[in-house]
Enquirer: 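Here's a structure for you.
Side chains are part of it too, since the values below use all heavy atoms of this structure and drop only hydrogens, waters and symmetry mates. Counting from 1, the numbers follow the sequence of the chain as shown.
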Amino acid sequence: MTAPTPPAIAAELSRLLANSHAPYSGVHVAAAVECPDGQIHYGVNVENAAYPQGVCAEASAISSAVTGGQKRLTRVWVASSLPGFIWPCGGCRQKIWEFAEPGCEVVSVAADSASESHTIEALLPLGFRLEPAPR
Ligand code: THU
């Protein structure tokens with residue numbers, strides 16, 4: 001069972017949806033990443049008129065963590081303006097995988113703060129790493 005999302009994080013994700021720049025899709029997304037030191041870094045999706053240049057919320061949050069000197073993630077939360085739960089796109093799964101501690105949970109938070117989670121390993125089996133995989 002997924003642990004409830006801390007109310008402060010659910011509230012901040014909800015608040016940040018208004019800061020998302022999504023004039024093209026109309027889908028507002030906010031993400032948070034937790035680092036081993038307990039710090040939480042946030043991000044929103046930032047779209048661009050040159051569509052492929054848009055950045056997902058998870059990528060924004062990871063950039064914020066790395067900018068803050070953190071390169072390990074213990075948990076990721078994602079919320080959106082869509083009904084129900086959303087899950088990171090394939091590219092963001094690989095971005096999370098790069099920094100995730102083993103067993104890192106990716107938690108989707110619905111508008112009513114209900115949560116569901118899966119580990120990054122479940123969301124991205126056999127993610128790409130430069131090191132040889134154990135046989
Ligand atoms: N989006 C995210 O921010 N995260 C995801 O995991 C999936 C999609 C954004 C990208 C785009 O700005 C909008 O949602 C619609 O695809």
Enquirer: Classify the ring geometry of W87 against F85: parallel below 30°, tilted from 30° to 60°, perpendicular beyond 60°.
Expert: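 Tilted, since the angle between the ring planes falls between 30° and 60°.
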Enquirer: Backbone N or O of S117 within a donor-acceptor pair of the T2 side chain at under 3.5 Å?
Expert: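 Pair found, side chain donor or acceptor close to backbone of S117.
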Enquirer: What distance separates L124 CG from Q94 CD, expressed to the nearest 0.5 Å?
Expert: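 One finds 5.5 Å between CG of L124 and CD of Q94.
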Enquirer: I need the E105 CD to W77 CH2 distance, nearest 0.5 Å.
Expert: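 These two atoms lie 10.5 Å from each other.
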Enquirer: Would you say F99 ends up clustered with I120 if hydrophobic residues are merged whenever their side chains have heavy atoms under 4.5 Å apart, either directly or through other cluster members?
Expert: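 Same hydrophobic cluster.
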Enquirer: Sequence neighbours excluded, which residues qualify as salt bridge (charged side-chain N to carboxylate O under 4.0 Å, His left out) partners of E116?
Expert: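 Per chain and number, E116 pairs via salt bridge (charged side-chain N to carboxylate O under 4.0 Å, His left out) with no residue.
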Enquirer: Of all heavy-atom pairs between A65 and C35, which one has the smallest distance, and what is that distance?
Expert: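 Looking at all heavy atoms of both residues, the closest pair is CB-SG, 4.0 Å.
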Enquirer: Please give me the minimum heavy-atom distance between S108 and I86, naming the atom from each residue.
Expert: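 The answer is OG-O, 2.7 Å.
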Enquirer: With rounding to the nearest 0.5 angstrom, report the CD1 to CD distance, I40 to E34.
Expert: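 With rounding to 0.5 Å, CD1 (I40) is 4.5 Å from CD (E34).
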Enquirer: Determine whether P36 and T74 make a side-chain contact, defined as any pair of heavy atoms from C-beta on separated by less than 4.5 Å.
Expert: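 Yes - at least one pair of side-chain heavy atoms lies under 4.5 Å apart.
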Enquirer: Which pair of heavy atoms, one from A61 and one from A31, lies closest together, and at what distance?
Expert: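 The pair with the smallest heavy-atom distance is CB-O, 3.9 Å.
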Enquirer: Check whether any side-chain heavy atom of T119 sits under 4.5 Å from a side-chain heavy atom of V106, and report yes or no.
Expert: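 No. Closest side-chain heavy atoms not under 4.5 Å.
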Enquirer: Could you give the distance from CD1 (I9) to OG (S14), rounded to the nearest 0.5 Å?
Expert: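 I9 CD1 to S14 OG: 13.5 Å, rounded to 0.5 Å.
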Enquirer: List in chain and number order the residues that pass side-chain hydrogen bond (donor to acceptor under 3.5 Å, both in side chains) with D112, two or more places apart in sequence or in another chain; answer none if no residue qualifies.
Expert: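 Once residues adjacent in sequence are excluded, D112 has no partner under the side-chain hydrogen bond (donor to acceptor under 3.5 Å, both in side chains) criterion.
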Enquirer: Sequence neighbours left out, what passes side-chain hydrogen bond (donor to acceptor under 3.5 Å, both in side chains) with S20? Give chain and number order.
Expert: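 Listed in chain order: H28, N45.
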Enquirer: Is a side-chain donor or acceptor of E47 paired with a backbone partner of V55 at a separation under 3.5 angstrom?
Expert: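 Between the backbone of V55 and the side chain of E47 there is no qualifying donor-acceptor contact (under 3.5 Å).
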Enquirer: For the CD atom of Q70 and the NE2 atom of H41, what is their distance to the nearest 0.5 Å?
Expert: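 The distance works out to 5.5 Å.
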Enquirer: With heavy-atom distances below 4.5 Å as the criterion, would you say the side chains of V109 and V78 are in contact?
Expert: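 Side chain of V109 against side chain of V78, heavy atoms only: no contact under 4.5 Å found.
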Enquirer: Begin with the C-alpha distance, continue with both residues' side-chain angles, and end with the deciding distance and a verdict on salt bridge (Lys or Arg N to Asp or Glu O under 4.0 Å) for E12 and R15.
Expert: CA-CA 5 Å; E12 186 63 356; R15 188 185 75 79; 2.9 Å; yes
Enquirer: Can you give me the closest heavy-atom contact between S60 and V44, atom names plus distance?
Expert: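 Minimum heavy-atom separation between S60 and V44: OG-O, 2.7 Å.
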Enquirer: Find out whether L82 and V27 are in side-chain contact, i.e. whether some heavy atom of one side chain is under 4.5 Å from a heavy atom of the other.
Expert: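 L82 vs V27: side chains touch.
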Enquirer: Any chance you could measure N48, atom CG, to H21, atom NE2, to the nearest 0.5 Å?
Expert: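 With rounding to 0.5 Å, CG (N48) is 7.0 Å from NE2 (H21).
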Enquirer: Kindly indicate whether the side chain of C56, heavy atoms from C-beta on, has any atom under 4.5 Å from the side chain of C89.
Expert: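 Side chain of C56 against side chain of C89, heavy atoms only: contact under 4.5 Å found.
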Enquirer: Show your working on side chain to side chain contact (heavy atoms under 4.5 Å, CB included) between Y42 and L13 and close with a plain yes or no.
Expert: CA-CA 8 Å; Y42 291 90; L13 290 172; 4.1 Å; yes
Enquirer: Looking only at the side chains, is there a donor atom on one of S115 and T5 sitting less than 3.5 Å from an acceptor on the other?
Expert: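 T5 and S115 do have a side-chain donor-acceptor pair below 3.5 Å.
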Enquirer: Side chains of K95 and E58, heavy atoms from C-beta outward: is any pair under 4.5 Å?
Expert: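 Answer no - side chains too far apart.
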Enquirer: In terms of side-chain geometry, is the basic nitrogen of R72 or E101 positioned less than 4.0 Å from the acidic oxygen of its partner?
Expert: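 The answer is yes: the pair qualifies as a salt bridge.
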Enquirer: Compare all side-chain heavy atoms of L73 with those of I62 and state whether any distance is below 4.5 angstrom.
Expert: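 Yes, close enough: below the 4.5 Å cut-off.
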Enquirer: Please report the closest heavy-atom contact between S81 and L17, naming both atoms and the distance.
Expert: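 In terms of heavy atoms, the two residues are closest at N-CD1, 4.2 Å.
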